[in-house]
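Below is one structure; the comments refer to it alone.
Side-chain atoms are counted along with the backbone in the values below, which use heavy atoms only and exclude waters and symmetry mates.
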Amino acid sequence: MVPLSENNDGADQENYFTYDSDDNNDDDEGQVRPSHYSNFYSSAPLSSDALSSGDDYDTSNTYLSKRIYHYLYPPNVPREVQLLRKENIAVPACYLLVGLLQGLSGPFTNVYPLDLNASEAQQTTISSLKSLPSTFKLAFGFLSDNVALAGYRRKSYMLLGWAIASLSMIILLTFSDLSVEAIALNNEQTMNGDGSSGRYLLRHLQSSSSEFGEQTTIVGAPPSIPFLSFTLLMFGSGFWFADVMGDSLVAEKAKLEPESSRGHLQSTCYACRFFGLMIAAPLSTVIYSKYGPQSVVMLMAGLPSLILPLIYNLKEKKDVDVASTREQCGEIWNTVCSRAVWQPMGFVYLYNVLQVGNAAWKQFLKTVLNFTSNQLNSLLIAAYVLLWLGIMAYKKFFITWSWRSVYVSTTLLNGIFSALQILLIKGITFGLSPFLFALGDDAFADFIGGIQFLPTTIMMVHLCPAGSEGASYAMFTTMSNSAYSLASAFSTLLLGIWDVSKDAMERGDLTGMINLTALTTLIQVSGVLFVGLLPRTKED
């Protein structure tokens, strides 16, 4: 990973959003900007008196060489920003855990509902409910900013969030059978029209002669779609709660970075997150295929417990004075009123709302193209890899581009790849396998998301008012997440326009799929109509 501090990339990002002051708050001419904007509008470094020295090698009594020690704990940044310190390591660990759980849960929610014979609408609903709590990040941030739990505003809530996420998966394991045998039995009953739904279903799955006599295997009922949806909603609530606490801590610590290394903290944390995502996604696929969904859910229940000792050692001031809710709302309102904020964020929201996917696509891949669970999860893994590649591509190649150029070019490319899926539906693949052809819509969209990711987050974190980092940063990210949730809801509504049901696909009637793919592609591409809301050039 290349740190953002090279070539002053972090500082360059801010120029994308510094609109001319004549167009911003015209009625406030001659007034002084609120103090919380100082890190964004000026390059003056923070006073070093309030920070701990980052170079303590001579007093550390370490057995490490000076070179290694300074590599682990860079001396040019204050101790509060050195992420590998015992008192700070919970922050990157939280991001890593977010990535690991995203990677583990992604293939699980991608395939398990299909194994339970969920309809297209149910599949989309399950996915939407899992991500729905992400739209409540603003409420999570306000709670953390205003109400300390056990004297702490961040670490206690982070602990609570991971506890809720773990508990939800324990509940799923306890009150349902996630074994492969339960799936097979459920599918058998579905095919036979058996409406049995008892807590435990007894079947002679294996009979053998032994000293214990004939063996009978007890198979529990798999989770119902509503129960699975509830536990995933609960999981998402704890997951996003803890994620907001991690973001809040990063927003606080990023303000302590010197100008020369601005952005390094965020790039390191997000590198941890996407590394965990790439590692866990294929691991989840292998575990799901070999051992079934039960093993995946057990990992999702157990991993959060590993971060608890790190959260305990996390250094955070206790019982700090907290500004009133009214004062914090006033600071956030001043931030929102800045044209440098609301105009690009307005574009991000409108653009994301228009990213309406084809909700029947997954069913098409499994029913018509006979994609296996491994192939479906491989598409998801490829998307995760391309997401990371998109982030690296922006940093290496697109950082000098204007936002308008980035969005126009990537959106048009995405439209081309999505439109090519009509050829896949018609069986025209130019000699390529259907699997490679299917990578277009699923994976390339994540590559685009990666390109658009880092500059936005770097800008947002330096706009957060002091003391209200949780709510303000969550407000920015909530806009994006809520837009994606709304787009997902729109994609479900579009299923009723044409017949794209499983029965229609099994009959060979793919007219609805072609029409729906063309419509969603046009909607996605229409986002370029709003690029005028973005600054025209870097100087703007």
Side-chain angles (χ1 to χ4, degrees), residues 101-102 104-137 164-165 168-169 171-172 175-176 178 182-183 186-187 190 197 221-241 284 288 293 296-297 300 352-367 371 373 376-377 379-380 383 441-442 445-446 478 480-505 512-513 516-517 519-520 523-524:
L101 290 179
Q102 280 184 319
L104 288 172
S105 63
F108 173 74
T109 55
N110 194 41
V111 175
Y112 190 55
L114 287 173
D115 289 338
L116 295 179
N117 297 308
S119 66
E120 294 90 340
Q122 287 175 327
Q123 296 167 34
T124 304
T125 299
I126 290 172
S127 179
S128 298
L129 285 176
K130 177 172 169 285
S131 61
L132 178 63
S134 65
T135 62
F136 302 142
K137 294 177 71 173
I164 293 174
S168 65
M169 293 297 97
I171 291 174
L172 182 60
F175 296 100
S176 60
L178 303 176
I183 296 175
N186 179 69
N187 292 338
T190 301
S197 59
S224 64
I225 297 301
F227 181 67
L228 177 63
S229 301
F230 167 75
T231 54
L232 288 176
L233 175 62
M234 183 179 175
F235 173 82
S237 299
F239 175 92
W240 287 110
F241 202 171
S284 176
Y288 190 100
V296 176
V297 175
M300 292 170 62
N352 290 345
V353 164
L354 293 172
Q355 301 312 297
V356 178
N358 186 342
W361 186 250
K362 193 187 302 180
Q363 189 66 62
F364 167 78
L365 296 179
K366 185 170 185 179
T367 302
F371 275 25
S373 297
L376 290 175
N377 282 333
L379 290 176
L380 193 63
D441 189 45
D442 289 348
D446 287 89
T478 295
S480 177
N481 293 328
S482 60
Y484 279 123
S485 297
L486 188 57
S488 179
F490 285 152
S491 68
T492 303
L493 293 176
L494 294 180
L495 291 173
I497 300 179
W498 296 285
D499 187 2
V500 290
S501 63
K502 182 179 180 180
D503 292 338
M505 295 180 189
M513 275 297 301
L516 185 59
T517 301
L519 177 61
T520 54
I523 293 175
Q524 292 173 10

With a 4.5 Å heavy-atom cut-off, do Phe175 and Phe227 have their side chains touching? yes
Donor-acceptor contact below 3.5 Å, side chain Ser127 vs main chain Thr124: no
Compare every heavy atom of Gln102 with every heavy atom of Ser105, then report the nearest pair and how far apart it is. OG-O, 3.4 Å
Heavy-atom side-chain contact between Gln122 and Pro113 under 4.5 Å: no
Just by distance, with hydrogens left out, do Asn110 and Tyr288 show a side-chain donor and acceptor under 3.5 Å apart? no
Would you check if there is a donor-acceptor pair between the side chains of Ser128 and Ser488 at a distance under 3.5 Å? yes
Counting only heavy atoms not in Phe230, do more than 12 fall under 6.0 Å of its CZ? no
Could you grab the distance from atom CG of Leu232 to atom CE of Met169, nearest 0.5 Å is fine? 5.0 Å
With distance as the sole criterion, is a donor-acceptor pair present between the side chains of Thr517 and Asn358 under 3.5 Å? yes
Report the distance from atom CZ of Phe108 to atom NZ of Lys130, rounding to the nearest 0.5 Å. 10.0 Å
Between the side chain of Gln355 and the main-chain N/O of Ala487, is any donor-acceptor distance below 3.5 Å? no
How many angstroms lie between atom OG1 of Thr367 and atom CE of Met505, to the nearest 0.5 angstrom? 6.0 Å
Taking the side chain as everything from C-beta on, heavy atoms only, tell me whether Leu516 gets closer than 4.5 Å to Leu495. yes
Going through the distances and angles, do Leu379 and Phe371 end up as a side chain to side chain contact (heavy atoms under 4.5 Å, CB included)? CA-CA 10 Å; Leu379 290 176; Phe371 275 25; 4.1 Å; yes
Gln123 side chain to Leu114 main-chain N or O, any donor-acceptor pair under 3.5 Å? no
Measure across Leu233 and Leu129 and return the closest heavy-atom pair with its distance rounded to 0.1 Å. CD1-O, 3.3 Å
Closest heavy-atom pair, Leu104 versus Val296, reported as atoms and distance to 0.1 Å, is O-CG1, 3.6 Å
Quick one: does Met513's side chain get under 4.5 Å of Trp498's, heavy atoms only? no
Can you find a pair of side-chain heavy atoms, one from Leu494 and one from Ile523, that are under 4.5 Å apart? yes
Under 3.5 Å side-chain donor-acceptor pair for Ser501 and Asp503: no
Residue pair Ala359 / Ser491: nearest heavy atoms and the distance that separates them: CB-O, 3.8 Å
Atom OG in Ser284, atom CG in Leu101: separation rounded to 0.5 Å? 10.5 Å
Are side-chain heavy atoms of Leu228 and Leu116 found at a separation under 4.5 Å? yes
Supply the atom-to-atom distance Ser168 OG to Met300 CE, rounded to the nearest 0.5 angstrom. 7.0 Å
Would you say Phe490 and Leu354 make side-chain contact, with heavy atoms under 4.5 Å? no
Kindly indicate whether the side chain of Pro223, heavy atoms from C-beta on, has any atom under 4.5 Å from the side chain of Thr231. no
Check Phe235 against Ala165 and note the closest heavy-atom contact, atom names and distance. CD1-O, 3.5 Å
Show the nearest heavy-atom pair for residues Ile164 and Met234, with the distance to one decimal. CG2-O, 3.6 Å
